[in-house]
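Reading through the structure tokens given below for one structure.
In the text below, chain A, chain B and the rest are named by the order of the sequence lines, each starting its count at 1.
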Protein chains: 2
Amino acid sequence: MQIMAVHDAMDVLNGKWRISILAVLCYRNKRRFSDILADVDGISNKMLSKELKDMEVNQLVTRTVLDTQPITVQYELTEYGQELQTVIKNLSAWGAKHRKKIIGK
Amino acid sequence: MQIMAVHDAMDVLNGKWRISILAVLCYRNKRRFSDILADVDGISNKMLSKELKDMEVNQLVTRTVLDTQPITVQYELTEYGQELQTVIKNLSAWGAKHRKKIIGK
DNA sequence: CGGCATCCTTCTGGATACTG
DNA sequence: CAGTATCCAGAAGGATGCCG
């Protein structure tokens, strides 16, 4: 039933950083490792690397090595990962509302 | 911007159990402590108690002590918490899709 | 029944340094 | 630049027992 479905979704999305990383890729499209590192406030390269690898395995993002000097690596949402855009946008809308409520204005 | 909003939302929703608990209250409405304990697969009473308390502080759920014998306690989403229904339903839809993809079937 | 306290293990994730 | 490796502190969270 639906409760289990939510649980299944969270299996893939849980963790301190996952959804933030997805949000970056959702709103900014193609993005290099160091860009994401800068976009996601507070994440360490170790965590970013780990989370991206996990999400690649789960087929939410693709990893592309670009033949630049020095090498850069680009990440983007897969078509499948893009199916999460609705979720992310809802979350973003709610988060903005919540921020106002908590911080006051 | 939106990425920060997503981060803010996750501040409140993060953790292994939060969203599952919210999903229960979202789909089942009023629910007693022991019911939720049964609905959320694998959670311990310690965790449930802690998470519910946190969410009460964050004004996502209300706690009502019922004058039964023995005492029972009922939880339900606040109006504010209900604003998360969209998110939860999207998550549920995606989770169901994801489950099919992973488990095959 | 709901929930707190204690104990104890596992997991998370930060800091730092190193490599191709 | 994009990682990987190591070390380690602290948080998460399970098991169990107790209490009103």
Side-chain angles (χ1 to χ4, degrees), chain A residues 6-8 10-25 28-58 60-78, chain B residues 3 6-25 28-58 60-78:
Chain A
V6 172
H7 186 271
D8 289 340
M10 291 318 290
D11 253 20
V12 192
L13 302 178
N14 224 335
K16 196 175 174 182
W17 304 112
R18 295 267 168 92
I19 296 197
S20 291
I21 296 169
L22 287 171
V24 168
L25 295 176
R28 301 239 218 264
N29 266 44
K30 295 184 205 297
R31 214 71 182 144
R32 292 184 312 152
F33 187 88
S34 50
D35 294 333
I36 306 174
L37 202 55
D39 290 336
V40 179
D41 194 56
I43 198 171
S44 64
N45 62 346
K46 169 183 159 186
M47 276 300 109
L48 181 55
S49 170
K50 174 178 160 284
E51 301 292 12
L52 283 170
K53 208 186 290 177
D54 279 5
M55 296 172 83
E56 201 191 346
V57 170
N58 280 306
L60 295 176
V61 305
T62 53
R63 177 179 183 277
T64 315
V65 177
L66 301 181
D67 193 14
T68 51
Q69 190 50 245
I71 280 174
T72 54
V73 182
Q74 188 173 79
Y75 291 88
E76 66 185 306
L77 291 182
T78 59
Chain B
I3 294 170
V6 171
H7 187 271
D8 289 340
M10 291 318 290
D11 252 20
V12 193
L13 302 179
N14 223 336
K16 196 174 172 182
W17 305 112
R18 295 269 167 92
I19 296 198
S20 291
I21 296 169
L22 287 171
V24 168
L25 295 176
R28 302 238 217 265
N29 267 42
K30 295 183 204 300
R31 213 71 182 144
R32 291 184 314 151
F33 186 88
S34 49
D35 293 333
I36 306 174
L37 201 55
D39 290 337
V40 179
D41 195 56
I43 197 171
S44 65
N45 62 347
K46 169 183 160 186
M47 276 302 108
L48 181 55
S49 170
K50 175 178 158 284
E51 301 292 11
L52 284 170
K53 205 187 290 175
D54 280 6
M55 296 171 85
E56 200 192 344
V57 170
N58 280 306
L60 296 176
V61 305
T62 54
R63 177 179 184 277
T64 314
V65 177
L66 300 181
D67 194 13
T68 51
Q69 190 48 248
I71 280 172
T72 54
V73 182
Q74 187 174 79
Y75 291 88
E76 65 186 307
L77 292 181
T78 59

Gap between atoms [atom1] and [atom2], on [X] and [N] respectively (whole Å):
X: L52(B); N: dC4(C); atom1: CG; atom2: P; value: 10 Å
X: D54(B); N: dA12(D); atom1: CG; atom2: C1'; value: 12 Å
X: F33(B); N: dC1(C); atom1: CZ; atom2: P; value: 11 Å
X: L37(A); N: dA15(C); atom1: CG; atom2: P; value: 12 Å
X: K53(A); N: dA2(D); atom1: NZ; atom2: C1'; value: 11 Å
X: R32(A); N: dG3(D); atom1: CZ; atom2: C1'; value: 14 Å
X: I21(A); N: dG13(C); atom1: CD1; atom2: P; value: 11 Å
X: M55(B); N: dG3(C); atom1: CE; atom2: P; value: 14 Å

For this session: Kindly compute the distance separating NZ (K50(B)) from CG (N45(B)), expressed to the nearest 0.5 Å.
Result: 13.5 Å
For this session: Rounded to the nearest 0.5 Å, what's the gap from CG on D8(B) to CD1 on I3(B)? Could you check?
Result: 12.0 Å
Only distances under 3.5 Å count here; give the side-chain donor-acceptor pairs of residues 30-37 of chain B to other protein atoms, sequence neighbours excluded, each with its distance to 0.1 Å.
from: K30(B); atom 1: NZ; to: E76(B); atom 2: OE1; distance (Å): 3.3
from: K30(B); atom 1: NZ; to: E76(B); atom 2: OE2; distance (Å): 3.3
from: R31(B); atom 1: NE; to: D39(B); atom 2: OD2; distance (Å): 2.7
from: R31(B); atom 1: NH2; to: D39(B); atom 2: OD1; distance (Å): 3.4
from: R31(B); atom 1: NH2; to: D39(B); atom 2: OD2; distance (Å): 3.2
from: D35(B); atom 1: OD2; to: R32(B); atom 2: N; distance (Å): 3.4

Exercise. If the sugar-phosphate is the primed atoms plus P, OP1 and OP2 and the base is the rest, what is the B/S/- string for nucleotides 13-20 of chain D, using protein heavy atoms under 4.0 Å?
Worked result: BBB-----
Problem set entry | Non-hydrogen atoms of G15(B) and N14(A) that approach each other most closely | O-ND2, 3.2 Å
For this session: State whether the number of non-hydrogen atoms from other residues, nucleotides or ligands found under 6.0 Å of I71(B) atom CD1 is greater than 12.
Result: no
Exercise. Would you say the side chain of V40(A) lies within less than 4.5 Å of the side chain of L48(A), judging by non-hydrogen atoms?
Worked result: no
Exercise. So I21(B) and I43(B), side-chain contact (heavy atoms from CB on, under 4.5 Å) or not? Walk me through it.
Worked result: CA-CA 10 Å; I21(B) 296 169; I43(B) 197 171; 4.0 Å; yes
Problem set entry | Nucleic acid contacts of residues 63-76 of chain B, taken as heavy-atom distances under 4.0 Å to DNA chain C | R63(B), P70(B), I71(B), T72(B), V73(B), Y75(B)
For this session: Could you please spell out the steps behind the side-chain contact (heavy atoms from CB on, under 4.5 Å) verdict for I19(B) and L13(A)?
Result: CA-CA 11 Å; I19(B) 296 198; L13(A) 302 178; over 6 Å; no
Exercise. Between R18(A) and V12(A), is there a donor-acceptor pair closer than 3.5 Å when you use the side chain of the first and the backbone of the second?
Worked result: yes
Exercise. Does dA2(D) have OP1 or OP2 sitting under 4.0 Å from an N or O in the side chain of S34(A)?
Worked result: yes
